[in-house]
Every structure is written in C-alpha cells, then in structure tokens.
Amino acid sequence: MSNSVTSASAASFADVVLALLVDKYEAPAETTTVDTDFESIGFDSLILVEVAVDLSRQYGVEVADDELHEAGTALGVAELLVVKGAAA
C-alpha cells in the first residue's frame, strides 16, 4: 500500500473519529481537531474504553483503550485503524 493511499485512508478515518468524539462524546467542536490530544479535551480512560468499543464494533477490528491512549489524537487513532486493516 502506498503512503498516499495510507494517508488518504487515515484522513478519512480521522474525520469519522473526530465526528464520533464531538457528536457522541461531546468534545468541544469549536476547539477540537484531528490533532487535539485526548487529555486536553478531558477524555479519561473511561471515555477511551467506550470509544474503543464503538470503533471495534463499527470497523470489525479489535481496538483497546490503551491503544487509543497511546495514539493520543483522532489522527493517531485513524492511523491505528489503518494499520489494523479496518475498511473505511
């Protein structure tokens, strides 16, 4: 897979992850971007567990909360989803 395809896939996933964080988990839309780290928007481990469950169900790949914590941002999560082979 080329880097441009990987980058396009990650960008697509990043938009979906960002929408999930804003719409379902009430991250502030006006200040949250794909590069905003989870700690700065007050996402604790409990919220990351819930996000991990949502993403696992939506994409059919196993996503753990510690992986989300390590990824740190919506873009990081998007890259994780690409690596795990999730289909956009």
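Side chains included, hydrogens not; waters and symmetry mates left out as well; all remaining heavy atoms used.
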**Item:** Qualifying side-chain hydrogen bond (donor to acceptor under 3.5 Å, both in side chains) pairs, either residue in residues 42-58, two or more places apart
**Value:** K24-D54, Y25-D54
**Prompt:** Under the side-chain contact (heavy atoms from CB on, under 4.5 Å) test, which residues partner E30, sequence neighbours left out?
**Reply:** P28
**Request:** Mind running side-chain contact (heavy atoms from CB on, under 4.5 Å) on F13 and L80 for me, showing each step along the way?
**Result:** CA-CA 10 Å; F13 279 126; L80 174 67; over 6 Å; no
**Request:** Could you pull out the closest heavy-atom pair between A27 and F43, with the gap in Å?
**Result:** CB-CZ, 3.8 Å
**Under the salt bridge (charged side-chain N to carboxylate O under 4.0 Å, His left out) test, residues paired with E67 that sit two or more places apart** = K84
**Fill in**
The side-chain hydrogen bond (donor to acceptor under 3.5 Å, both in side chains) partners of T36 (sequence neighbours excluded) come to T33
**Request:** Check the hydrophobic clustering (I, L, V, M, F, W, Y; side-chain heavy atoms under 4.5 Å; chains of links allowed) and say if V16 and L48 are grouped together.
**Result:** yes
**Prompt:** What closest approach, in Å, do G85 and V61 show between heavy atoms, and which atom pair accounts for it?
**Reply:** C-CG1, 4.5 Å
**Prompt:** Among the clusters formed by ILVMFWY side chains lying less than 4.5 Å apart, do V34 and V17 turn up in the same one?
**Reply:** no
**Prompt:** When hydrophobic residues are tied together by side-chain contacts of less than 4.5 Å, even through go-betweens, does L18 share a cluster with V63?
**Reply:** no
**Prompt:** According to a 4.5 Å side-chain heavy-atom criterion applied to Ile, Leu, Val, Met, Phe, Trp and Tyr, with indirect links allowed, do L68 and V82 form part of one hydrophobic cluster?
**Reply:** yes
For residues 71-78, run the donor-acceptor check on the side chains, cut-off 3.5 Å, and write out each pair with its distance to 0.1 Å, sequence neighbours left out.
unit_1 : atom_1 : unit_2 : atom_2 : d
T73    : OG1    : L75    : N      : 3.4
T73    : OG1    : G76    : N      : 2.9

**E70 side, atom CD; D65 side, atom CG - distance, nearest 0.5 Å** = 12.0 Å
**Request:** Please identify each residue that fulfils salt bridge (charged side-chain N to carboxylate O under 4.0 Å, His left out) with D15, with sequence neighbours left out.
**Result:** none
